[in-house]
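All chains are named by letter (A, B, ...) in the order of the sequence lines, taking the proteins before the strands, and each is independently numbered beginning at 1. Note that the structure is a prediction, hence the values are computed from the model and not measured.
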Number of protein chains: 2
Amino acid sequence: MKNNATRDKLIDSGAQLISQQGYNATGINAVLKTCGVPKGSFYHYFSSKEDFGLAVIERFATRYDETLVALLEDNDTPPLERLRRYFAAGREHMHECNHATGCLIGNLGQELSGQSDTFRDALNLVFQRWEQRFVQCLKDAQAQGDIAIRTTPEALASFILTGWEGAILRAKMLKSVEPMVHFETILFQQVLVPSP
Amino acid sequence: MKNNATRDKLIDSGAQLISQQGYNATGINAVLKTCGVPKGSFYHYFSSKEDFGLAVIERFATRYDETLVALLEDNDTPPLERLRRYFAAGREHMHECNHATGCLIGNLGQELSGQSDTFRDALNLVFQRWEQRFVQCLKDAQAQGDIAIRTTPEALASFILTGWEGAILRAKMLKSVEPMVHFETILFQQVLVPSP
DNA sequence: AAAACAATAGACTGACTGGTCTACTTTAAG
DNA sequence: CTTAAAGTAGACCAGTCAGTCTATTGTTTT
């Protein structure tokens, strides 16, 4: 009734195409073609392209949050090491996709937040959820005396997330993870440091 | 023959619309309508939409570089203060446009670098030019003993530019300059500091 | 077995896309 | 004054877009 294999195929194909080409540049017919589903099915499961886009976002966000929890809330690993692993995973993904996709949520935030408030709100929520994961990890690091937070954990989490998203964007343009490496280097060298 | 008032009108209207809606979401007819120019003129001055898009980028980049030079190479002002002013100007612009446009080059880099190598290369060049302006300003700051650069000026410039772009993107989604403020705060508090 | 509903199937629609075409007007040169 | 070119004007084209429609097939429920 709700969660069908066809529906899943549509969302997965959509996520892939939208990651590569963006939302506006991805036509419904293209999604249909790549997964061999007729149009009737599409409009059976989704009321509109926007509805579909929101489902793609939701699916991606849920999956991504799972890996985020696995990485950032791994209590067997020191908090700063968890962050290092998160960045390393991001870099690896960037290599895997040939510097082509980057972060779906960041991409869509850029493309759609000026176009539709519905999308903006949905994407914003995803980001806020992610930010909370970072806040928790930073608080852990602080509690263990690994870092001194001179503003607030929230401000620092915002700094890290926005900086990382910016680095991803630049990496996509440059077709090189260099900006991501620079970001990590300076972050760990000068920002995530214990009190002097 | 080349630089005509009609051509300028087209580029200006195009820049405005593309800033607000993105490249793909901006139709040629929409540009034509907002500036009252017939289609015949458009294809007289530009060979295609891509050609037009590149002209918009070039125009924007040139203008932006002028203000960048004015701000970052103002030798009457200490280097770090120049940077502060640059960020303040960016925040002001974000307010002026109601958190709607952000940075045209960043937007297009996001939207088009996966779609067209021509665009990617053009946008990349613009970013590299900007980065050089920051490198120079950071070297000035280093020479005056205002900051200690623990990596290279190039890496630090990359860090600043990507972080700032990320903050702008987030500000657009959040409809608030808060992420930009966080970025500035932590940057000046922990990264752009003299040697201990 | 029959009725009810979920799902598949794809032809079709009107609006809009980037781009072309021809005709007309203005400007400048010979 | 004539003529060629630059620029203006918009009707028009094929293709694509999101979305609709009707018809058919599967699967339950009664």
Side-chain angles (χ1 to χ4, degrees), chain A residues 1-59 107-108 111-112 114-120 122, chain B residues 1-59 108 111-112 114-119 122:
Chain A
M1 187 180 181
K2 197 73 194 288
N3 268 357
N4 195 289
T6 305
R7 194 183 131 98
D8 285 351
K9 267 203 289 185
L10 285 167
I11 293 180
D12 285 340
S13 299
Q16 201 188 323
L17 288 175
I18 292 173
S19 288
Q20 285 165 10
Q21 313 172 325
Y23 176 81
N24 289 310
T26 300
I28 289 173
N29 287 321
V31 176
L32 264 28
K33 204 176 165 187
T34 59
C35 61
V37 167
K39 191 164 266 192
S41 297
F42 182 94
Y43 282 96
H44 175 72
Y45 292 108
F46 307 102
S47 65
S48 65
K49 191 188 180 185
E50 175 167 299
D51 188 29
F52 176 63
L54 291 170
V56 168
I57 290 169
E58 195 188 336
R59 164 79 53 95
N107 293 1
L108 293 182
E111 187 181 355
L112 301 175
Q115 202 171 124
S116 145
D117 281 348
T118 313
F119 273 116
R120 217 200 65 231
Chain B
M1 185 176 183
K2 197 74 194 287
N3 269 355
N4 195 288
T6 305
R7 195 183 130 98
D8 286 351
K9 267 203 289 185
L10 284 167
I11 293 180
D12 285 340
S13 299
Q16 201 187 324
L17 287 176
I18 292 173
S19 288
Q20 286 164 10
Q21 314 173 324
Y23 176 81
N24 288 310
T26 300
I28 290 173
N29 287 321
V31 176
L32 263 28
K33 203 175 165 188
T34 58
C35 61
V37 167
K39 191 164 267 191
S41 296
F42 183 94
Y43 281 96
H44 175 74
Y45 292 108
F46 308 102
S47 66
S48 65
K49 192 188 179 186
E50 175 166 299
D51 187 31
F52 176 64
L54 291 170
V56 168
I57 291 171
E58 194 189 336
R59 163 80 53 97
L108 293 182
E111 187 182 354
L112 301 175
Q115 202 172 124
S116 146
D117 281 348
T118 314
F119 272 117

From [options], pick the nucleotide closest to the side chain of [X]?
X        : options                  : value
Tyr43(A) : dA7(C), dG7(D), dA18(D)  : dA18(D)
His44(A) : dT8(D), dA7(C), dA18(D)  : dA7(C)
Ile28(A) : dT8(D), dG18(C), dA18(D) : dA18(D)
Asn29(B) : dA7(C), dT8(D), dT17(C)  : dT17(C)

Problem set entry | Heavy-atom closest contact (Glu111(A) atom, Gly22(A) atom, distance) |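 Smallest interatomic distance, heavy atoms only, reads OE1-CA, 3.4 Å.
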Problem set entry | Closest contact, heavy atoms only, Phe52(B) versus Leu10(B) |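 Distance-wise, the nearest heavy atoms are CZ-O, 3.3 Å.
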For this session: Report yes if some heavy atom in the side chain of Leu32(B) is under 4.5 Å from a heavy atom in the side chain of Phe42(B); otherwise report no.
Result: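 Sidechains of Phe42(B) and Leu32(B): in contact.
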Between [atom2] on [N] and [atom1] on [X], what's the gap in Å once rounded to a whole number?
X        : N       : atom1 : atom2 : answer
Asp51(A) : dG19(D) : CG    : C1'   : 13 Å
Asn4(A)  : dC5(C)  : CG    : C1'   : 14 Å
Leu32(A) : dT16(D) : CG    : P     : 15 Å
Gln21(A) : dC17(D) : CD    : C1'   : 14 Å
Tyr45(B) : dT20(C) : OH    : P     : 18 Å
Arg7(A)  : dT8(C)  : CZ    : P     : 12 Å
Phe42(A) : dA11(C) : CZ    : P     : 18 Å
Lys33(B) : dT17(C) : NZ    : C1'   : 15 Å

Mind checking if [X] touches a base, just sugar-phosphate, or nothing, with heavy atoms under 4.0 Å?
X        : answer
Ser47(B) : nothing
Gly40(A) : base
Lys39(A) : base

Problem set entry | Closest-nucleotide ordering on DNA chain D, the 5'-leading residue of Gly36(B) and Ser48(A) |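 Checking each residue's closest nucleotide, the 5'-ward one belongs to Gly36(B).
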Exercise. When the nearest nucleotide of DNA chain D is assigned to Thr6(B) and to Ala30(A) on a heavy-atom basis, which residue is associated with the more 5' position?
Worked result: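 Looking at the nearest nucleotide for each, Thr6(B) comes out on the 5' side.
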Exercise. Can Asp117(A) and Arg120(A) be counted as an ion pair, charged N to O under 4.0 angstrom?
Worked result: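 Judged by the 4.0 Å cut-off on N to carboxylate O distance, Asp117(A) and Arg120(A) do form a salt bridge.
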Any chance you could measure [X], atom [atom1], to [Y], atom [atom2], to the nearest 0.5 Å?
X        : Y        : atom1 : atom2 : answer
Thr34(B) : Gln16(B) : OG1   : CD    : 7.0 Å
Tyr23(A) : Glu50(A) : OH    : CD    : 6.0 Å
Ile11(A) : Glu58(A) : CD1   : CD    : 8.0 Å

For this session: Estimate the overall bend of the helix from dA1(C)-dT30(D) to dG30(C)-dC1(D) from the end axes over five pairs each, rounded to 10 degrees.
Result: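 Result, rounded to 10 degrees: 0°.
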